[in-house]
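Comments concern the structure below.
None of these values were measured; they are calculated from a predicted model. For the numbers below, each heavy atom of this structure counts, side chains included, while hydrogens, waters and symmetry mates do not.
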Amino acid sequence: MAGIRLTPEEPEMPVGTPPRPQLPASVAGAGGGSGGLEMASDDERSVAADSWSVRSEYGSTLDDDQRYADAAEVLAAAAASANFPSAASDYCSDKEDQDPGDVEGSMLGLQSYWDASYSEDLANFQEHGHAGEIWFGADVMDTVAVWTKSLCNIIQGGIPSGHDSMKSEVDEQLFSNYPVLDVGTGNGLLLQALAKQGFTDLTGTDYSEGAIELARNLATRDGFDSIKFLVDDILETKLDRKFKIITDKGTLDAIGLHPDGRAKRIMYWESVSNLVEPGGIVVITSCNHTKDELLQEVEEFSKRKFGKENMDEGAGPASQIFRYIDHVRTYPTIMFGGVEGSQVCTVAFQRM
């Protein structure tokens with residue numbers, strides 16, 4: 001079941017802090033939200049919550065209505081002029097051949113939205129000491145950190161694909177120096193959780209300068225000065241090293257919410273495939289896509305790279321860029337329309 005958003009962890013408000021306006025949260029159906037490009041009215045602006053609830057209730061130093069109006073104006077103007085940044089010619093999206101699982105664009109797919117959002121979070125940190133949102137909640141974040149540690153056995157060839165790796169013991173001496181990259185790191189709290197699991201070579205990137213400044217401040221405050229944070233856009237990365245582990249908690253979701261999200265997701269996988277070492281792993285946590293949808297997306301990326309004909313003829317592992325390893329099996333599940341699913345999924349792939 002895709003597109004169901006967990007309510008973020010909300011920091012406690014200090015006494016006397018004025019509450020900030022709350023947008024109504026909604027639950028999107030499988031395959032994407034009901035939003036679009038027209039978000040002028042108050043009701044229509046709530047489309048931004050189709051995939052994620054937008055912000056939590058704590059003191060705000062910025063004006064919400066103005067921030068949403070500004071983001072909506074950027075989105076509407078770009079849509080009207082068909083002037084969205086386009087992917088390279090090899091990755092241009094075909095509007096006549098849309099994937100049924102595509103999520104409709106919203107302001108949450110725009111950098112301008114996240115720049116304003118993290119500017120607000122940074123101001124709240126400086127004024128009140130708030131860390132900001134924990135997307136998908138603290139329980140999911142901690143589960144991802146523990147599960148990622150357990151996957152290091154797969155890098156060492158210790159357990160086969162599909163094994164419930166969370167039950168496996170891991171030799172900390174083998175993985176502690178593995179280079180880890182968290183793309184779209186936001187406030188960097190996932191990297192702090194990974195540091196608590198014993199990882200020492202940790203890097204977080206985000207295209208928002210405000211996010212990186214916030215992440216650095218939080219890491220310093222919480223005693224994790226060794227974590228490196230860099231301003232970098234995963235779609236146009238300037239990183240010149242490879243990593244054993246790449247984590248993504250919500251970044252692919254946000255990329256998919258750009259009006260040209262389908263093309264940008266292809267660019268995402270191209271970039272990630274170049275950044276992860278052969279044999280390394282990529283851990284994706286999503287609320288907009290199911291495990292099967294992510295598997296299909298990775299398969300389609302391999303077909304695009306190697307040619308559909310070769311993949312259809314069963315060319316074998318040599319024609320795969322990523323292979324599915326496992327997924328988190330401990331998230332709570334719900335029944336909807338006779339189908340069992342979870343509100344969030346975490347899936348691991350290994351670079352071939």
If you look at every heavy atom in L252 and Y268, which pair is closest and at what distance? CD1-CD2, 3.6 Å
Approximate separation, where rounding is to 0.5 Å, of F349 CZ and E297 CD: 8.5 Å
Do Q192 and L189 come close enough that some side-chain heavy atom pair is under 4.5 Å? yes
Between D248 and D182, what is the shortest heavy-atom contact and its length? N-OD1, 4.1 Å
Between atom CH2 of W147 and atom CZ of R329, what is the distance when rounded to the nearest 0.5 Å? 8.5 Å
Closer than 3.5 angstrom, by distance alone: can the side chain of D232 be matched with the main-chain N or O of K238 as a donor-acceptor pair? yes
On the 0 to 90° scale, with breaks at 30° and 60°, tag the W269-F301 ring pair as parallel, tilted or perpendicular. tilted
Would you give the length of the straight line joining atom CG of L191 to atom CZ of F229, rounded to the nearest 0.5 angstrom? 5.0 Å
Test side chain to side chain contact (heavy atoms under 4.5 Å, CB included) applied to E213 and Q126, step by step: CA-CA 11 Å; E213 186 176 352; Q126 293 168 343; 4.1 Å; yes
Checking S117 side chain against W114 main chain: does a donor-acceptor pair fall under 3.5 Å? no
Is a side-chain N or O of K291 found less than 3.5 angstrom from the main chain of V347, in a donor-acceptor match? no
Applying the side chain to side chain donor-acceptor pair (under 3.5 Å) criterion to Y331, which one of T346, T285, D139 satisfies it? T346
In terms of side-chain geometry, is the basic nitrogen of E277 or R351 positioned less than 4.0 Å from the acidic oxygen of its partner? no
Using distance alone, with no hydrogens and no angle criterion, decide if N187 and E133 have a side-chain donor and acceptor under 3.5 Å apart. no
Does K303 come within less than 4.0 Å of E299, counting only side-chain N to carboxylate O? yes
Compare every heavy atom of I155 with every heavy atom of G279, then report the nearest pair and how far apart it is. O-CG1, 3.8 Å
Take K242 and L275 through the test side chain to side chain contact (heavy atoms under 4.5 Å, CB included) and record every step on the way to the result. CA-CA 5 Å; K242 291 185 181 292; L275 286 171; 5.9 Å; no
Of all heavy-atom pairs between A215 and G186, which one has the smallest distance, and what is that distance? CB-O, 3.6 Å
Backbone N/O of C345 and side chain of S342: donor-acceptor pair under 3.5 Å: no
Side-chain donor-acceptor pair under 3.5 Å between T333 and E340, yes or no? yes
Gap separating the CD1 atom of I281 from the CZ atom of F243, nearest 0.5 angstrom: 14.0 Å
Kindly give the heavy-atom pair with the smallest separation between L235 and K264, and that separation in Å. CD2-O, 3.4 Å
Checking K196 against F224: charged group under 6.0 Å from the ring centre and within 45 degrees of the axis? no
T205 and side chain to side chain contact (heavy atoms under 4.5 Å, CB included): which partner among L239, T185, D233? L239
Are the side chain of H258 and the backbone N or O of D260 linked by a donor-acceptor pair below 3.5 Å? yes
Can you tell if the side chain of L257 reaches within under 4.5 Å of the side chain of N288, non-hydrogen atoms only? yes
Spell out, as yes or no, whether a donor-acceptor pair under 3.5 Å connects the side chain of S302 to the backbone of I321. yes
Below 4.5 Å, heavy atoms only, C-beta onward: do V183 and T247 meet side chain to side chain? no
CA sep, side-chain torsions, deciding dist, call: V146, D142, side chain to side chain contact (heavy atoms under 4.5 Å, CB included): CA-CA 6 Å; V146 172; D142 292 338; 5.5 Å; no
Hydrophobic clusters here meaning ILVMFWY residues chained together by side-chain heavy-atom distances under 4.5 Å, can you tell me if V276 and L174 are in one? no
Rounded to the nearest 0.5 Å, what separation is found between the NZ atom of K249 and the CG atom of L190? 6.0 Å
If we ignore hydrogens and angles and just use 3.5 Å, is the side chain of R221 paired with the main-chain N or O of G129 as donor and acceptor? yes
Between the side chains of D115 and Y207, is a donor N or O closer than 3.5 angstrom to an acceptor N or O? no
Can you confirm whether more than 12 heavy atoms, excluding those of E209, are under 6.0 Å from its CD atom? no
Between E293 and T290 the two heavy atoms that sit nearest each other are OE1-N, 2.9 Å
Separation between OG of S273 and CE of M352, rounded to the nearest 0.5 Å: 13.5 Å
Is the side chain of T200 donor-acceptor paired with the backbone N or O of S176 at a distance under 3.5 Å, no angle test? yes
Sub-4.5 Å side-chain heavy-atom contact between I255 and I234: yes
Step by step, would you call N217 with F125 a side chain to side chain contact (heavy atoms under 4.5 Å, CB included)? CA-CA 9 Å; N217 283 323; F125 170 78; 3.5 Å; yes
Using a strict 4.0 Å threshold on nitrogen-to-oxygen distance, state whether D201 and K244 make a salt bridge. no
With the side chain counted from C-beta on, respond yes when K305 and E270 share a heavy-atom pair under 4.5 Å apart, and no when they do not. yes
I'd like to know whether the aromatic ring centres of F199 and Y178 sit less than 6.0 Å apart in this structure. no
Compare all side-chain heavy atoms of I245 with those of C152 and state whether any distance is below 4.5 angstrom. yes
Under the criterion side chain to side chain contact (heavy atoms under 4.5 Å, CB included), which of T251, V282, T237, I284 is the partner of V272? V282
